[in-house]
Number of protein chains: 2
Amino acid sequence: MTTGETETPPRRRDAAKTRQLLLDSAIQRFTRDGYAATTVRDIADDAGVNVALISRYFKSKEGLFEACLTSSVDEMRRTAGDDTPLNRTPEAIARQIAGPCSRGVPYHLVLLLRSSGDEAADRIRLGLLHSYSERLAAAAGAAPGDQDMLLRAQVVLAAAAGIALLRTKAGMEPLASATEADFVPPLRDLVEALLKPR
Amino acid sequence: MTTGETETPPRRRDAAKTRQLLLDSAIQRFTRDGYAATTVRDIADDAGVNVALISRYFKSKEGLFEACLTSSVDEMRRTAGDDTPLNRTPEAIARQIAGPCSRGVPYHLVLLLRSSGDEAADRIRLGLLHSYSERLAAAAGAAPGDQDMLLRAQVVLAAAAGIALLRTKAGMEPLASATEADFVPPLRDLVEALLKPR
DNA sequence: TTTTGAAGTCAACATCTGTTTACCAGCGTT
DNA sequence: AACGCTGGTAAACAGATGTTGACTTCAAAA
(Lines give C-alpha, C1' and ligand atoms only; values in the text may rest on other atoms or scores of the structure.)
Protein backbone atom coordinates (compact mmCIF):
# COMPACT_ATOMS: atom_id res chain seq x y z
CA MET A 1 0.00 0.00 0.00
CA THR A 2 1.13 3.50 -0.69
CA THR A 3 -0.31 5.40 2.26
CA GLY A 4 0.37 4.31 5.79
CA GLU A 5 -3.14 4.65 7.14
CA THR A 6 -6.63 3.60 6.26
CA GLU A 7 -7.10 6.09 3.50
CA THR A 8 -9.77 8.63 4.34
CA PRO A 9 -11.19 10.13 1.19
CA PRO A 10 -9.64 13.55 0.80
CA ARG A 11 -12.29 15.30 2.89
CA ARG A 12 -14.78 17.24 0.85
CA ARG A 13 -14.26 21.00 1.00
CA ASP A 14 -16.61 22.55 3.52
CA ALA A 15 -15.64 25.67 5.40
CA ALA A 16 -18.29 25.29 8.09
CA LYS A 17 -17.38 21.70 8.83
CA THR A 18 -13.67 22.47 8.88
CA ARG A 19 -14.28 25.36 11.26
CA GLN A 20 -16.21 23.06 13.54
CA LEU A 21 -13.47 20.46 13.35
CA LEU A 22 -10.95 23.02 14.50
CA LEU A 23 -13.26 24.20 17.25
CA ASP A 24 -13.76 20.69 18.59
CA SER A 25 -10.06 19.91 18.58
CA ALA A 26 -9.30 23.22 20.25
CA ILE A 27 -11.86 22.70 23.01
CA GLN A 28 -10.38 19.30 23.76
CA ARG A 29 -6.82 20.58 23.87
CA PHE A 30 -7.54 23.77 25.78
CA THR A 31 -9.61 21.85 28.32
CA ARG A 32 -7.01 19.18 28.84
CA ASP A 33 -3.76 21.15 28.65
CA GLY A 34 -4.71 24.79 29.14
CA TYR A 35 -4.22 27.75 26.83
CA ALA A 36 -0.51 28.39 27.01
CA ALA A 37 0.50 24.75 26.82
CA THR A 38 -1.49 24.20 23.66
CA THR A 39 0.01 25.14 20.29
CA VAL A 40 -1.97 25.98 17.20
CA ARG A 41 -0.10 23.25 15.37
CA ASP A 42 -1.35 20.69 17.89
CA ILE A 43 -4.89 21.78 17.26
CA ALA A 44 -4.55 21.82 13.49
CA ASP A 45 -2.97 18.36 13.49
CA ASP A 46 -5.76 16.96 15.64
CA ALA A 47 -8.28 18.41 13.23
CA GLY A 48 -6.28 17.15 10.27
CA VAL A 49 -6.10 20.51 8.57
CA ASN A 50 -3.48 23.15 7.94
CA VAL A 51 -2.38 25.55 10.66
CA ALA A 52 -3.06 28.61 8.56
CA LEU A 53 -6.77 27.92 8.67
CA ILE A 54 -6.86 28.86 12.33
CA SER A 55 -5.81 32.37 11.50
CA ARG A 56 -8.25 32.45 8.63
CA TYR A 57 -11.32 31.24 10.50
CA PHE A 58 -10.61 32.59 13.97
CA LYS A 59 -8.22 35.45 13.31
CA SER A 60 -5.74 34.29 15.93
CA LYS A 61 -5.13 31.76 18.69
CA GLU A 62 -6.89 34.05 21.13
CA GLY A 63 -9.79 34.38 18.73
CA LEU A 64 -10.03 30.60 18.61
CA PHE A 65 -9.98 30.44 22.39
CA GLU A 66 -12.78 32.98 22.64
CA ALA A 67 -14.78 30.94 20.16
CA CYS A 68 -14.22 27.86 22.32
CA LEU A 69 -15.49 29.65 25.40
CA THR A 70 -18.51 31.03 23.56
CA SER A 71 -19.33 27.63 22.15
CA SER A 72 -18.97 26.00 25.53
CA VAL A 73 -21.07 28.66 27.21
CA ASP A 74 -23.81 28.29 24.60
CA GLU A 75 -23.95 24.56 24.99
CA MET A 76 -23.99 24.92 28.75
CA ARG A 77 -26.91 27.30 28.58
CA ARG A 78 -28.70 24.92 26.28
CA THR A 79 -28.23 21.71 28.24
CA ALA A 80 -27.98 22.85 31.84
CA GLY A 81 -30.15 25.74 30.93
CA ASP A 82 -33.16 27.70 31.83
CA ASP A 83 -35.45 24.92 32.87
CA THR A 84 -37.76 25.71 35.71
CA PRO A 85 -35.95 26.38 38.99
CA LEU A 86 -38.43 24.08 40.74
CA ASN A 87 -36.79 21.12 39.09
CA ARG A 88 -33.40 22.03 40.46
CA THR A 89 -33.43 20.01 43.63
CA PRO A 90 -30.13 19.40 45.41
CA GLU A 91 -30.26 15.93 43.97
CA ALA A 92 -30.49 17.22 40.41
CA ILE A 93 -27.72 19.74 40.94
CA ALA A 94 -25.50 17.14 42.48
CA ARG A 95 -26.11 14.82 39.57
CA GLN A 96 -25.01 17.50 37.14
CA ILE A 97 -21.82 18.17 39.04
CA ALA A 98 -21.12 14.47 39.34
CA GLY A 99 -21.63 13.86 35.64
CA PRO A 100 -18.96 12.42 33.39
CA CYS A 101 -15.98 14.71 33.34
CA SER A 102 -15.38 14.03 29.67
CA ARG A 103 -18.49 16.03 28.77
CA GLY A 104 -21.35 17.83 30.45
CA VAL A 105 -21.07 20.44 33.14
CA PRO A 106 -17.73 19.38 34.66
CA TYR A 107 -16.09 19.35 31.26
CA HIS A 108 -17.30 22.86 30.51
CA LEU A 109 -16.31 24.12 33.92
CA VAL A 110 -12.73 22.98 33.44
CA LEU A 111 -12.50 24.89 30.18
CA LEU A 112 -14.03 27.90 31.92
CA LEU A 113 -11.19 27.73 34.42
CA ARG A 114 -8.57 28.04 31.72
CA SER A 115 -7.18 31.48 31.17
CA SER A 116 -5.52 33.05 28.18
CA GLY A 117 -4.80 36.44 29.69
CA ASP A 118 -7.13 37.87 27.10
CA GLU A 119 -9.62 40.36 28.40
CA ALA A 120 -12.44 39.43 26.06
CA ALA A 121 -12.14 35.82 27.14
CA ASP A 122 -12.25 36.85 30.76
CA ARG A 123 -15.50 38.69 30.18
CA ILE A 124 -17.09 35.67 28.53
CA ARG A 125 -15.99 33.45 31.37
CA LEU A 126 -17.16 35.86 34.03
CA GLY A 127 -20.49 36.31 32.31
CA LEU A 128 -21.36 32.65 32.43
CA LEU A 129 -20.04 32.03 35.91
CA HIS A 130 -22.01 34.93 37.26
CA SER A 131 -25.27 34.15 35.56
CA TYR A 132 -24.94 30.50 36.46
CA SER A 133 -24.35 31.29 40.11
CA GLU A 134 -27.36 33.60 40.13
CA ARG A 135 -29.55 30.86 38.74
CA LEU A 136 -28.18 28.55 41.37
CA ALA A 137 -29.03 31.01 44.11
CA ALA A 138 -32.50 31.48 42.70
CA ALA A 139 -32.99 27.74 42.59
CA ALA A 140 -32.15 27.66 46.27
CA GLY A 141 -35.00 30.03 46.89
CA ALA A 142 -32.99 33.18 47.39
CA ALA A 143 -34.58 36.53 46.78
CA PRO A 144 -32.87 38.59 44.05
CA GLY A 145 -30.08 40.59 45.64
CA ASP A 146 -29.48 38.12 48.45
CA GLN A 147 -25.70 38.49 48.57
CA ASP A 148 -25.21 35.87 51.22
CA MET A 149 -26.95 33.19 49.20
CA LEU A 150 -25.21 34.33 46.04
CA LEU A 151 -21.86 33.82 47.72
CA ARG A 152 -22.93 30.35 48.73
CA ALA A 153 -23.99 29.56 45.19
CA GLN A 154 -20.62 30.70 43.94
CA VAL A 155 -18.92 28.49 46.48
CA VAL A 156 -20.88 25.56 45.08
CA LEU A 157 -19.80 26.49 41.59
CA ALA A 158 -16.18 26.86 42.58
CA ALA A 159 -16.28 23.55 44.40
CA ALA A 160 -17.74 21.84 41.35
CA ALA A 161 -15.01 23.30 39.19
CA GLY A 162 -12.27 22.19 41.56
CA ILE A 163 -13.68 18.70 41.78
CA ALA A 164 -13.88 18.44 38.01
CA LEU A 165 -10.30 19.61 37.69
CA LEU A 166 -8.87 17.20 40.21
CA ARG A 167 -10.94 14.35 38.88
CA THR A 168 -9.31 14.55 35.51
CA LYS A 169 -5.88 15.89 36.23
CA ALA A 170 -4.37 14.70 39.44
CA GLY A 171 -4.99 10.98 39.35
CA MET A 172 -5.79 10.99 43.04
CA GLU A 173 -7.49 7.82 44.14
CA PRO A 174 -10.25 7.03 44.90
CA LEU A 175 -11.45 10.33 43.52
CA ALA A 176 -10.05 9.89 40.04
CA SER A 177 -11.83 6.65 39.24
CA ALA A 178 -14.94 7.12 41.33
CA THR A 179 -18.13 6.56 39.38
CA GLU A 180 -20.91 9.02 38.93
CA ALA A 181 -22.92 7.05 41.48
CA ASP A 182 -20.12 7.35 44.01
CA PHE A 183 -20.14 11.11 43.66
CA VAL A 184 -23.82 11.83 44.00
CA PRO A 185 -24.25 11.20 47.75
CA PRO A 186 -21.39 13.43 48.93
CA LEU A 187 -22.25 16.10 46.41
CA ARG A 188 -25.88 16.05 47.42
CA ASP A 189 -24.74 16.65 50.99
CA LEU A 190 -22.54 19.47 49.79
CA VAL A 191 -25.28 21.18 47.81
CA GLU A 192 -27.85 20.76 50.55
CA ALA A 193 -25.55 22.15 53.19
CA LEU A 194 -24.62 25.22 51.19
CA LEU A 195 -27.89 26.00 49.49
CA LYS A 196 -30.38 25.17 52.21
CA PRO A 197 -32.95 27.95 52.72
CA ARG A 198 -31.90 30.10 55.62
CA MET B 1 20.38 61.21 39.74
CA THR B 2 22.14 58.66 37.62
CA THR B 3 19.99 55.59 38.26
CA GLY B 4 16.27 55.68 37.70
CA GLU B 5 15.24 53.95 40.89
CA THR B 6 15.91 54.12 44.60
CA GLU B 7 19.36 52.68 44.43
CA THR B 8 19.58 49.30 46.14
CA PRO B 9 23.14 48.52 47.13
CA PRO B 10 24.45 46.00 44.61
CA ARG B 11 23.12 43.00 46.51
CA ARG B 12 25.78 41.19 48.45
CA ARG B 13 26.84 37.90 46.89
CA ASP B 14 25.03 35.03 48.50
CA ALA B 15 24.13 31.91 46.55
CA ALA B 16 21.60 30.68 49.10
CA LYS B 17 19.78 33.98 49.23
CA THR B 18 19.73 34.30 45.46
CA ARG B 19 18.40 30.81 45.13
CA GLN B 20 15.63 31.64 47.57
CA LEU B 21 14.86 34.85 45.69
CA LEU B 22 14.38 32.87 42.51
CA LEU B 23 12.27 30.30 44.31
CA ASP B 24 9.99 32.98 45.76
CA SER B 25 9.54 34.73 42.43
CA ALA B 26 8.88 31.43 40.71
CA ILE B 27 6.26 30.36 43.23
CA GLN B 28 4.45 33.64 42.78
CA ARG B 29 4.50 33.45 38.99
CA PHE B 30 3.66 29.77 38.71
CA THR B 31 0.81 30.18 41.17
CA ARG B 32 -0.64 33.21 39.43
CA ASP B 33 -0.07 32.39 35.76
CA GLY B 34 0.59 28.65 35.61
CA TYR B 35 3.62 26.78 34.35
CA ALA B 36 3.43 27.18 30.60
CA ALA B 37 2.48 30.86 30.69
CA THR B 38 5.46 31.72 32.85
CA THR B 39 8.86 32.28 31.24
CA VAL B 40 12.16 31.88 32.98
CA ARG B 41 12.97 35.46 32.03
CA ASP B 42 9.88 36.67 33.89
CA ILE B 43 11.04 34.88 36.99
CA ALA B 44 14.61 36.07 36.74
CA ASP B 45 13.50 39.66 36.21
CA ASP B 46 11.21 39.50 39.24
CA ALA B 47 14.09 38.22 41.29
CA GLY B 48 16.40 40.82 39.82
CA VAL B 49 19.02 38.31 38.72
CA ASN B 50 20.25 36.83 35.49
CA VAL B 51 18.31 34.12 33.67
CA ALA B 52 21.24 31.77 33.53
CA LEU B 53 21.13 31.33 37.28
CA ILE B 54 17.94 29.34 36.98
CA SER B 55 19.72 26.69 34.98
CA ARG B 56 22.61 26.83 37.40
CA TYR B 57 20.67 26.48 40.64
CA PHE B 58 17.73 24.40 39.47
CA LYS B 59 19.04 22.65 36.37
CA SER B 60 16.04 23.63 34.26
CA LYS B 61 12.64 25.28 34.31
CA GLU B 62 11.09 21.97 35.26
CA GLY B 63 13.63 21.58 38.01
CA LEU B 64 12.65 24.98 39.34
CA PHE B 65 9.01 24.01 39.23
CA GLU B 66 9.68 20.84 41.17
CA ALA B 67 11.58 22.87 43.73
CA CYS B 68 8.57 25.17 44.04
CA LEU B 69 6.25 22.27 44.64
CA THR B 70 8.59 20.71 47.17
CA SER B 71 8.98 23.98 49.00
CA SER B 72 5.25 24.56 49.03
CA VAL B 73 4.56 21.05 50.22
CA ASP B 74 7.11 21.38 53.00
CA GLU B 75 5.65 24.62 54.22
CA MET B 76 2.17 23.17 54.05
CA ARG B 77 3.19 20.21 56.14
CA ARG B 78 4.81 22.55 58.63
CA THR B 79 1.98 25.04 59.05
CA ALA B 80 -1.15 23.01 58.37
CA GLY B 81 0.69 20.06 59.69
CA ASP B 82 0.56 17.14 61.99
CA ASP B 83 -1.13 18.73 64.94
CA THR B 84 -3.43 16.48 66.84
CA PRO B 85 -6.47 15.43 64.82
CA LEU B 86 -8.65 16.34 67.79
CA ASN B 87 -8.04 19.98 67.08
CA ARG B 88 -9.28 19.69 63.55
CA THR B 89 -12.88 20.54 64.07
CA PRO B 90 -14.96 21.52 61.04
CA GLU B 91 -14.58 25.10 62.20
CA ALA B 92 -10.78 24.90 62.16
CA ILE B 93 -10.71 23.23 58.76
CA ALA B 94 -13.08 25.79 57.35
CA ARG B 95 -10.94 28.59 58.70
CA GLN B 96 -7.90 27.17 56.94
CA ILE B 97 -9.71 26.93 53.63
CA ALA B 98 -11.11 30.42 54.06
CA GLY B 99 -7.72 31.91 54.81
CA PRO B 100 -6.17 34.67 52.74
CA CYS B 101 -5.64 33.44 49.22
CA SER B 102 -2.36 35.31 48.94
CA ARG B 103 -0.74 32.89 51.35
CA GLY B 104 -1.65 29.93 53.52
CA VAL B 105 -3.46 26.81 52.43
CA PRO B 106 -5.43 28.26 49.51
CA TYR B 107 -2.29 29.76 48.03
CA HIS B 108 -0.48 26.44 48.19
CA LEU B 109 -3.44 24.58 46.78
CA VAL B 110 -3.54 26.76 43.70
CA LEU B 111 0.11 26.03 43.02
CA LEU B 112 -0.59 22.36 43.54
CA LEU B 113 -3.21 22.58 40.81
CA ARG B 114 -0.70 23.84 38.28
CA SER B 115 0.73 21.27 35.94
CA SER B 116 3.98 21.19 34.02
CA GLY B 117 3.47 17.89 32.29
CA ASP B 118 6.51 16.68 34.18
CA GLU B 119 6.15 13.32 35.80
CA ALA B 120 8.27 14.05 38.85
CA ALA B 121 6.18 17.12 39.59
CA ASP B 122 3.02 15.08 39.28
CA ARG B 123 4.30 12.64 41.86
CA ILE B 124 5.09 15.40 44.31
CA ARG B 125 1.68 16.92 43.82
CA LEU B 126 -0.10 13.62 44.15
CA GLY B 127 1.88 12.76 47.26
CA LEU B 128 0.75 15.80 49.16
CA LEU B 129 -2.84 15.71 47.97
CA HIS B 130 -3.17 12.11 48.96
CA SER B 131 -1.58 12.38 52.37
CA TYR B 132 -3.52 15.53 53.10
CA SER B 133 -6.80 13.91 52.19
CA GLU B 134 -5.97 10.94 54.36
CA ARG B 135 -5.31 13.21 57.31
CA LEU B 136 -8.57 14.95 56.61
CA ALA B 137 -10.44 11.66 56.61
CA ALA B 138 -8.74 10.64 59.83
CA ALA B 139 -9.67 13.95 61.40
CA ALA B 140 -13.27 13.20 60.52
CA GLY B 141 -13.00 10.02 62.54
CA ALA B 142 -12.70 7.60 59.67
CA ALA B 143 -11.07 4.24 60.22
CA PRO B 144 -7.97 3.65 58.07
CA GLY B 145 -9.08 2.19 54.77
CA ASP B 146 -12.51 3.77 54.82
CA GLN B 147 -12.73 4.48 51.09
CA ASP B 148 -16.03 6.26 51.32
CA MET B 149 -14.79 8.79 53.83
CA LEU B 150 -11.53 9.19 51.93
CA LEU B 151 -13.48 10.10 48.83
CA ARG B 152 -15.39 12.68 50.83
CA ALA B 153 -12.17 14.13 52.18
CA GLN B 154 -10.84 14.42 48.65
CA VAL B 155 -14.01 16.18 47.60
CA VAL B 156 -13.41 18.70 50.39
CA LEU B 157 -9.86 19.18 49.19
CA ALA B 158 -10.91 19.61 45.59
CA ALA B 159 -13.60 22.05 46.59
CA ALA B 160 -11.11 24.08 48.58
CA ALA B 161 -8.78 24.17 45.61
CA GLY B 162 -11.51 25.27 43.25
CA ILE B 163 -12.65 27.99 45.61
CA ALA B 164 -9.12 29.28 45.98
CA LEU B 165 -8.68 29.32 42.22
CA LEU B 166 -11.86 31.20 41.48
CA ARG B 167 -11.30 33.60 44.32
CA THR B 168 -8.10 34.87 42.81
CA LYS B 169 -8.62 34.42 39.13
CA ALA B 170 -12.12 35.03 37.94
CA GLY B 171 -13.06 38.28 39.63
CA MET B 172 -16.54 36.93 40.27
CA GLU B 173 -18.40 39.01 42.82
CA PRO B 174 -19.19 38.73 45.64
CA LEU B 175 -16.85 35.74 45.88
CA ALA B 176 -13.75 37.59 44.76
CA SER B 177 -13.79 40.25 47.44
CA ALA B 178 -15.49 38.31 50.23
CA THR B 179 -13.60 38.49 53.49
CA GLU B 180 -12.30 35.57 55.45
CA ALA B 181 -15.19 36.03 57.87
CA ASP B 182 -17.69 35.82 55.02
CA PHE B 183 -16.25 32.49 53.96
CA VAL B 184 -16.17 30.67 57.25
CA PRO B 185 -19.91 30.03 57.73
CA PRO B 186 -20.55 28.48 54.31
CA LEU B 187 -17.33 26.52 54.43
CA ARG B 188 -18.11 25.22 57.90
CA ASP B 189 -21.40 23.97 56.51
CA LEU B 190 -19.56 22.37 53.61
CA VAL B 191 -17.02 20.61 55.80
CA GLU B 192 -19.61 19.45 58.30
CA ALA B 193 -21.86 18.08 55.60
CA LEU B 194 -19.12 16.13 53.88
CA LEU B 195 -17.09 14.95 56.83
CA LYS B 196 -19.78 14.19 59.38
CA PRO B 197 -19.31 10.78 60.99
CA ARG B 198 -21.49 8.25 59.24
C1' DT C 1 -15.61 24.04 -21.23
C1' DT C 2 -14.05 27.97 -19.30
C1' DT C 3 -14.00 30.97 -15.58
C1' DT C 4 -13.89 32.39 -10.96
C1' DG C 5 -13.78 32.57 -6.22
C1' DA C 6 -13.34 30.25 -2.20
C1' DA C 7 -10.97 26.28 0.41
C1' DG C 8 -6.76 24.57 1.47
C1' DT C 9 -1.54 24.14 1.44
C1' DC C 10 3.29 25.57 1.75
C1' DA C 11 7.05 27.94 3.14
C1' DA C 12 8.89 31.75 5.20
C1' DC C 13 8.86 35.41 8.81
C1' DA C 14 9.82 37.46 13.14
C1' DT C 15 9.68 36.74 17.71
C1' DC C 16 9.98 34.25 21.87
C1' DT C 17 11.89 30.69 24.98
C1' DG C 18 14.92 27.42 27.42
C1' DT C 19 19.60 26.52 27.71
C1' DT C 20 24.64 26.87 27.20
C1' DT C 21 29.05 28.87 26.77
C1' DA C 22 32.45 32.11 27.60
C1' DC C 23 33.56 35.84 30.23
C1' DC C 24 33.69 39.31 34.32
C1' DA C 25 33.85 40.58 39.28
C1' DG C 26 33.82 40.22 44.16
C1' DC C 27 35.77 37.95 48.28
C1' DG C 28 38.59 35.08 51.19
C1' DT C 29 43.23 32.78 51.38
C1' DT C 30 48.11 32.65 51.27
C1' DA D 1 49.46 41.90 46.40
C1' DA D 2 48.56 37.85 43.65
C1' DC D 3 45.84 33.88 43.35
C1' DG D 4 41.79 31.13 42.88
C1' DC D 5 37.23 30.04 43.59
C1' DT D 6 32.59 31.02 43.23
C1' DG D 7 28.63 34.18 42.33
C1' DG D 8 26.98 36.74 38.60
C1' DT D 9 26.42 38.56 33.75
C1' DA D 10 26.09 38.85 28.67
C1' DA D 11 25.51 37.06 24.37
C1' DA D 12 24.47 33.64 21.42
C1' DC D 13 22.21 29.23 19.92
C1' DA D 14 18.70 26.02 18.51
C1' DG D 15 14.23 25.05 18.44
C1' DA D 16 9.43 26.25 18.96
C1' DT D 17 5.51 29.23 18.10
C1' DG D 18 1.97 32.52 16.16
C1' DT D 19 1.13 34.70 11.97
C1' DT D 20 1.35 36.05 7.08
C1' DG D 21 1.41 36.05 2.04
C1' DA D 22 1.82 33.68 -2.22
C1' DC D 23 0.50 29.73 -4.37
C1' DT D 24 -2.42 25.55 -5.69
C1' DT D 25 -6.70 22.96 -6.08
C1' DC D 26 -11.27 22.06 -6.13
C1' DA D 27 -16.17 22.81 -7.29
C1' DA D 28 -19.80 25.44 -8.70
C1' DA D 29 -21.49 29.22 -11.91
C1' DA D 30 -21.58 31.00 -16.59
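Reminder, nothing fancy here: chain letters follow the sequence lines and each chain counts from 1. Predicted, not measured: the structure shown is a model, and the values here were computed from it.
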Enumerate the protein-to-nucleotides 16-18 of chain C contacts in which both atoms are nitrogen or oxygen and the separation is below 3.5 Å.
residue: C:dG18; atom: OP1; partner: B:Lys61; partner atom: NZ; Å: 2.8
residue: C:dG18; atom: OP2; partner: B:Val40; partner atom: N; Å: 2.9
residue: C:dG18; atom: N7; partner: B:Arg41; partner atom: NH1; Å: 2.8
residue: C:dG18; atom: O6; partner: B:Arg41; partner atom: NH2; Å: 2.9

Using the 3.5 Å cut-off, write out each protein N or O paired with an N or O of nucleotides 2-7 of chain D and the distance between them.
residue: D:dG7; atom: N2; partner: B:Arg13; partner atom: NH2; Å: 2.9
residue: D:dG7; atom: N3; partner: B:Arg13; partner atom: NH1; Å: 3.2
residue: D:dG7; atom: N3; partner: B:Arg13; partner atom: NH2; Å: 3.4

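When rounded to the nearest whole Å, the span between NZ of B:Lys59 and P of C:dT20 equals 6 Å. Residue A:Arg29 contributes atom CZ, which lies 12 Å from atom P of D:dG18 at whole-angstrom precision. Rounded to a whole Å, the CG atom of A:Leu21 is 13 Å from the C1' atom of C:dG8. D:dT19 atom P lies 14 Å from atom CG of A:Asn50, rounded to whole Å. If you take NZ of B:Lys17 and P of C:dG26, they are 18 Å apart, rounded to a whole angstrom. Look at CG on A:Asp45: it is 11 Å from P on C:dT9, rounded to the nearest Å. Following rounding to the nearest Å, A:Phe65 (CZ) and D:dT17 (C1') show an atom-to-atom distance of 18 Å.
For the pair A:Leu113/B:Leu166, a side-chain contact is recorded, criterion being any heavy-atom separation below 4.5 Å from C-beta on.
Relative ring orientation between A:Phe30 and A:Tyr35 is described as parallel, the plane-to-plane angle staying below 30° on a 0-90° scale split at 30° and 60°.
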Exercise for the section: Tell me, with the steps shown, if B:Asp24 and B:Gln28 meet side-chain hydrogen bond (donor to acceptor under 3.5 Å, both in side chains). Expected result: CA-CA 6 Å; B:Asp24 293 342; B:Gln28 245 185 286; over 6 Å; no

Exercise for the section: Output, in order, the C-alpha distance, side-chain angles, deciding distance and verdict of side-chain hydrogen bond (donor to acceptor under 3.5 Å, both in side chains) for B:Glu173 and B:Ser177. Expected result: CA-CA 7 Å; B:Glu173 296 301 342; B:Ser177 48; 2.5 Å; yes

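Closest approach of A:Leu175 to A:Phe183, counting heavy atoms only: O-CZ, 3.6 Å. In this structure, B:Asp182 and A:Leu151 approach most closely via the heavy-atom pair O-CD2, 3.8 Å. Between A:Val184 and A:Ala98, the closest heavy-atom pair is CG2-CB, 4.0 Å.
Checked for salt-bridge contact, B:Asp74 and B:Arg77 miss the test: no charged N lies under 4.0 Å from a carboxylate O.
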